[in-house]
Amino acid sequence: MPRIAGRPTAPVLSLHGLGDLFVPFSMEQAYARDAAWHGRSQLLVQRAVRATQHCEFTPAEAGAAWDDLASWVRTGARPAGDAVTDPKAVAAADFGCRFSDWAAYAAGVGTRRLYSACP
């Protein structure tokens, strides 16, 4: 098992399902805190996705994240992400909406049907 200490040396863009019980969302928050502790937050962008199964990302979600990461590496322009350590942001009714594939939600793909529609 690799040691994950919040010390990225290159840009990292992570996706995390809000309902993932295999690797709970709190681990995403812990990684953000570790990166901040080590002064590496500028190398980390995190995105929440409204899904429950582990790594339940649609091709659109994974593709957008990959394109944004590649652009970040190429241009130096850091992409948008979610404020995973902000309790007010995480508690908001629309948390996880920004980077979720709502075509999949509308089609009832996977566990998307378990989530309420975004406001």
Side-chain angles (χ1 to χ4, degrees):
M1 189 73 149
R3 184 164 186 254
I4 300 175
R7 295 180 185 191
T9 58
V12 173
L13 194 156
S14 67
L15 298 174
H16 207 108
L18 290 175
D20 187 341
L21 298 177
F22 185 69
V23 179
F25 189 72
S26 62
M27 297 295 95
E28 192 77 21
Q29 295 166 315
Y31 188 69
R33 286 190 297 273
D34 288 348
W37 174 259
H38 294 293
R40 309 258 176 115
S41 293
Q42 76 280 4
L43 291 173
L44 178 62
V45 169
Q46 297 170 292
R47 294 179 177 177
V49 174
R50 285 189 169 192
T52 301
Q53 294 180 22
H54 184 67
C55 292
E56 184 189 349
F57 309 118
T58 67
E61 291 161 348
W66 179 258
D67 289 347
D68 289 348
L69 175 61
S71 177
W72 184 11
V73 169
R74 189 175 57 257
T75 68
R78 190 172 183 263
D82 286 308
V84 303
T85 59
D86 178 347
K88 186 175 178 182
V90 173
D94 64 348
F95 190 70
C97 290
R98 185 171 182 191
F99 300 104
S100 293
D101 176 2
W102 287 101
Y105 172 81
V109 172
T111 62
R112 308 304 168 107
R113 65 188 176 281
L114 300 175
Y115 292 85
S116 58
C118 284

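Throughout, numbering of the chain's residues begins at 1 and tracks the sequence. This one's a predicted model, so the numbers in the text were calculated from it and none came from an experiment.
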**Study point:** Distance in Å, His54 NE2 paired with Phe22 CZ, rounded so as to fall on 0.5 Å steps
**Key:** 5.5 Å
**Study point:** Least distance between heavy atoms, Gly81 atom then Val45 atom
**Key:** CA-CG1, 3.7 Å
Check your understanding: Does CH2 belonging to Trp37 count more than 12 external heavy atoms closer than 6.0 Å?
Key -> no
Practice item. Before giving the answer on side-chain contact (heavy atoms from CB on, under 4.5 Å), spell out for Gln46 and Val12 the whole-Å C-alpha distance, their side-chain angles and the decisive distance to 0.1 Å. Key: CA-CA 8 Å; Gln46 297 170 292; Val12 173; over 6 Å; no
**Study point:** Ser14 and Tyr31: side chain donor to acceptor below 3.5 Å
**Key:** no
Exercise for review: Would you kindly confirm whether Leu13 and Val73 end up in one hydrophobic cluster when ILVMFWY residues are joined by side chain heavy atoms under 4.5 Å apart?
Suggested key: yes
Exercise for review: Hey, could you give me the CZ/OG distance between Arg78 and Ser71, rounded to the nearest 0.5 Å?
Suggested key: 13.5 Å
Practice item. State whether the side chain of Gln29 and the backbone N or O of Val84 hold a donor-acceptor pair below 3.5 Å, judged by distance alone. Key: yes
Review point. Can you name the closest pair of heavy atoms from Ala48 and Ser100 and give their distance?
Key: O-OG, 4.2 Å
Review point. If only atom types and distance count, is the side chain of Thr111 paired as donor or acceptor with the main-chain N or O of Thr52 below 3.5 Å?
Key: yes
Practice item. Using the rule that two of Ile, Leu, Val, Met, Phe, Trp, Tyr join whenever any of their side-chain heavy atoms come within less than 4.5 Å, decide whether Leu114 and Leu18 are in one cluster. Key: yes
Exercise for review: Give the cluster check for Tyr115 versus Phe99: same hydrophobic cluster or not, with ILVMFWY residues linked at side-chain heavy-atom distances below 4.5 Å.
Suggested key: no
Review point. Charged N to carboxylate O below 4.0 Å: is that the case for Arg98 and Glu61?
Key: no
Check your understanding: Can you find a pair of side-chain heavy atoms, one from Asp34 and one from Arg7, that are under 4.5 Å apart?
Key -> no
**Study point:** Reference residue Arg47; test salt bridge (charged side-chain N to carboxylate O under 4.0 Å, His left out); the match among Asp82, Asp101, Asp68
**Key:** Asp68
Review point. So, for Arg113 and Gly108, which heavy atoms are closest and what is the spacing to 0.1 Å?
Key: NH1-O, 3.7 Å
Exercise for review: Taking the side chain as every heavy atom from C-beta outward, state whether Arg74 and Leu69 have any pair of such atoms under 4.5 Å apart.
Suggested key: no
**Study point:** Heavy-atom closest contact (His16 atom, Glu28 atom, distance)
**Key:** ND1-OE1, 2.9 Å
Revision key, fill the gap. All heavy atoms of Ala83 vs all of Ala89, minimum pair found to be O-CB, 3.9 Å
Exercise for review: Taking all heavy atoms of Asp20 and all of Cys55, pick out the closest pair and write down the distance.
Suggested key: OD2-N, 4.3 Å
Check your understanding: Is there side-chain contact between Cys97 and Arg50, with heavy atoms separated by less than 4.5 Å?
Key -> yes
Revision key, fill the gap. Value for OG1 (Thr9) from CZ (Arg40), rounded to nearest 0.5 Å, stands at 7.0 Å
